[in-house]
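As the structure is a computational prediction, the values presented were derived from the model and not from experiment. Both counts, for ligands and for their atoms, begin at 1 and track the order of listing.
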Amino acid sequence: MAKIQVLSKSVADKIAAGEVAERPSAVVKELVENAIDAGASKIDVEIKQGGISYIRITDNGCGIPQDQVETAFLRHATSKLSEIEDLYRIGTMGFRGEALASICAVSQVELITKTADGDEGVYLRLLHGEVVEKTPMACAEGTTMVVKDLFANVPARMKFLKKDSTEAGYVADLVSRIALSRPDIAFSYTCDGKEVFSTSGDGKLKNVILQIYGLDHAKALLPVDYAEDGVHISGVVGKPELARGNRTRQTLFVNGRFVKNHVLSKVAEEAFRNRMMVGKFPFFVISITLPTELVDVNVHPAKTEVKFANEKQIYDVAYHAIRNALFTQEKAEAPKVPVPPVSAAPAPKREYVNPKLVKEYLAYTIPEEKKNVSYVREDTPKAPEVILEELLEETGQKETHIIIEETPPKQEVMEEMVPVISQKKKPEIVGQVFDTYIICKTEEEMFLIDQHAAHERMRFETLKEEYFNQKKCAQLLLSPLVLNLDFREKQSVMENLTDFVRLGFEIEDFGGNAVIVQGAPIAADEAELRDLILELSDAMQEKRKHPVADFEEKALDMIACKGAIKANKRLSYPEMQDLLEKVLDMEEKGVGSCPHGRPIRIGFTKTEIEKLFKRIV
Ligand code: ADP
Ligand code: MG
C-alpha cells in the first residue's frame with residue numbers, strides 16, 4: 001500500500017471545493033447567501049456561458065473591511081460563528097466559513113468591496129487560491145464578487161458540467177427561488193447580457209411570483225397563513241388550475257432557506273386531494289418558520305435537504321394550513337344562491353334548478369295577484385340561473401329562498417333514448433351509467449363502453465394517421481391564443497419549436513415571456529391548449545434526457561387525451577350513438593384498447609349471464 005501522506009493544501013482545497021462549488025449554481029448560491037447575510041437590499045446576479053466563464057454578484061450590503069479581505073478567503077474563516085454552540089442557533093445562511101475558500105481554489109476571483117465607514121474600497125484578485133493583486137479602489141458601499149473560469153484547473157470536474165444552457169437553467173432556478181424567499185430584497189438576474197427577470201423588493205410575494213412565473217400565476221394564488229405550536233406556515237398555494245405534471249414549481253423554505261423535502265410535497269398534494277387530477281402537482285411557495293433547534297438543515301453539504309425534530313407535527317400543521325387556504329377560497333367563490341332557512345340541511349348543491357319545485361315555492365310565497373304569471377318556459381332550454389333570475393323578476397321578488405334540487409331529473413336522458421338502429425346484429429344503446437360508461441346490447445351480448453377511453457383512442461387513431469401520412473394536421477385557431485408563460489416555460493417551448501410544428505402546432509414568439517398560438521392539431525381542444533402545450537414541452541425536455549423511440553406516439557396520445565370526452569360527463573343519445581359507431585368502426589380495423597392499454601369495452605354474452613344467474617349450467 002502507498003505511504004500515508006497529508007494532502008497538500010491545494011489538493012485538499014480542490015476536494016473541498018468539489019463539495020461546496022460543484023457547479024455554477026452552487027457558487028451563485030453561496031455568493032448570494034453571503035450577500036443576504038451582509039444585509040443587502042439589492043442583489044444583482046449576472047452569468048455568462050452558464051456561469052462557467054463568468055459569474056458576478058453585486059450587493060449593497062455591509063461590505064468587508066479592507067484589512068479582512070484576505071481572511072475571508074481562508075478556510076474556516078467566518079464572521080458568523082465562533083462557538084460550537086452557535087451551530088445550533090444559527091440564523092444566517094452560511095456559517096461553515098468555507099465557501100469563499102473553496103470557490104477561489106478552483107477559479108479566478110475578483111472582489112471589490114467597501115464598508116460604510118471605510119474611506120475607500122479595495123480590489124482583490126485571487127488565482128486558484130493565491131492572492132495576486134490587491135489595490136485600493138473607489139467604489140460604492142457593498143460587495144461585488146466576480147468568479148471567472150470555474151474549474152479551469154480541475155479538468156475532471158469540468159467534464160461533469162452540463163451544457164451552458166442547462167447550467168444557466170440551474171442558476172435561473174436557484175436565483176428565482178432565493179428571490180421568492182426574500183420578497184423584501186430586489187434581485188435581478190442577467191444571463192449572457194440579457195436581463196431574465198428582476199424583482200422590486202417591495203416585500204410582496206405576489207409581485208415576485210408575477211415577475212418569475214407570469215401573470216397567470218400571480219392571478220391564481222391563495223394566501224396561506226397558519227400557526228400552531230410555534231410553527232408558522234405562510235406563503236401561497238396556486239389554485240388547482242396551476243397544477244402541473246411535475247414538481248418543479250413547488251418551492252419550500254424552512255426558516256428562510258430553500259429546501260427540498262419530499263414528504264412535504266406529498267403533504268401539500270394530499271391537501272389538494274380531489275381538487276386536481278391524478279398525476280398533477282400543485283403550485284406553491286410555502287415558508288415554514290420554526291425554532292431553529294427543531295430543524296437540522298446541515299445534514300447535506302449543499303444544505304437543501306432538511307430534517308425536522310418532530311416531523312409529524314410539522315406535516316400536520318402544513319396540511320391544515322393548505323386545507324384552510326383552499327376552503328377559505330372555495331367558500332368565497334361559491335355562487336351566492338340563497339338557501340331556504342328551514343330546509344337548509346342537507347346542504348343543497350347548486351347544480352340544477354328543478355323548475356317544478358321553484359314554481360311550487362314561488363306559488364307559496366308570491367302575492368296572490370301575480371300568481372297567473374307563467375314561470376317556466378319549457379320550450380327553450382335555459383341555464384338554471386337564467387330561469388331563476390327571470391322568475392324573480394317576473395314575480396317582483398328581489399330575493400327569495402329557492403330550493404335547489406341536488407340531482408337532475410334522471411328520466412330526461414332516458415326519454416331521448418329512442419333506439420335508432422334496429423337492424424338485427426348492430427348493437428343498440430341501452431343507456432349510460434355513472435356518467436362514464438355506455439351500456440349497449442345485441443341479441444347475444446351486452447357490453448359497456450368506457451366513453452373517455454373510446455374517444456381518446458378514436459382521436460389518437462385520427463391524429464396518428466394524419467401525422468405519419470404527413471397530412472395537414474394543423475388547423476388555424478379562430479382567435480389566436482396568447483399564452484403568458486414564465487421564462488423557463490417560454491424557453492422550453494421555444495427550444496422545442498420544431499417538434500411542436502411537426503405535431504401540428506403553429507407557435508410564435510410574442511415578446512416578453514409570451515408566445516402566440518395560431519394553429520393547433522385538428523383534435524386539440526382550445527380550452528385545454530395551454531395545459532397541453534406545457535405538458536408537451538415538459539415531455540420534450542424529458543425526451544432529451546432519456547431519448548424514447550415512441551416519443552411521437554406519446555405526444556399524439558397527449559393531444560388525443562386532452563380534448564377527449566371526459567369520464568363523469570352525461571352524454572346525449574346522439575353523442576353516445578356517434579361514439580358507438582366509431583368504436584364499431586375501430587374494432588373492424590382491429591383497434592381495441594385506449595392508447596394507455598386500457599380496454600375500451602367489456603361485456604358478457606347472454607350465455608355468460610345466464611350461467612351467472614344459474615339459469616343454465
Ligand atoms: P461563511 O458565509 O460560512 O461565513 P464564506 O466563506 O461564505 O463563509 O464567507 C466568509 C466571510 O466573508 C463571511 O463570514 C463574511 O464575513 C465575509 N463575506 C463574504 N461575502 C460577503 C459579502 N457579500 N458581504 C460582506 N461580507 C462578506
Ligand atoms: Mg457563506
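In this view, Lys134 and Glu70 satisfy the salt bridge (Lys or Arg N to Asp or Glu O under 4.0 Å) rule, not counting sequence neighbours. Here Arg247 pairs with Glu269 under the salt bridge (Lys or Arg N to Asp or Glu O under 4.0 Å) rule; sequence neighbours left out.
Annotation: Ile64 places no N or O atom under 3.5 Å from an N or O atom of ligand 1; distance criterion only. Taking only nitrogen or oxygen atoms, main chain and side chain alike, Glu30 does not reach within less than 3.5 Å of ligand 1.
Neither the backbone nor the side chain of Asp37 comes within 4.0 Å of ligand 1, counting heavy atoms alone. In Ala38, the part holding a heavy atom less than 4.0 Å from any atom of ligand 1 is the side chain. Of all the heavy atoms of Leu100, the ones lying under 4.0 Å from any atom of ligand 1 are found in both the backbone and the side chain.
Heavy-atom contacts of Ala99 reach the following atoms of ligand 1: 6 (O), 7 (O) (cutoff under 4.0 Å). Close approach of ligand 1 to Ala72 is summarised as follows: ligand atoms under 4.0 Å from at least one heavy atom of the residue are 10 (C), 12 (O).
Judged by distance alone, the side chains of Thr113 and Thr143 do bring a donor and an acceptor atom under 3.5 Å apart. One side chain, Asn60 or Ser41, offers a donor N or O that lies under 3.5 Å from an acceptor on the other.
The neighbour count for Phe510 CZ, taken as heavy atoms of other residues, nucleotides or ligands under 6.0 Å away, does not exceed 12.
A centroid separation of less than 6.0 Å is found between the aromatic rings of Tyr213 and Phe283.
For Gly63, the heavy-atom gap to ligand 1 drops under 4.0 angstrom.
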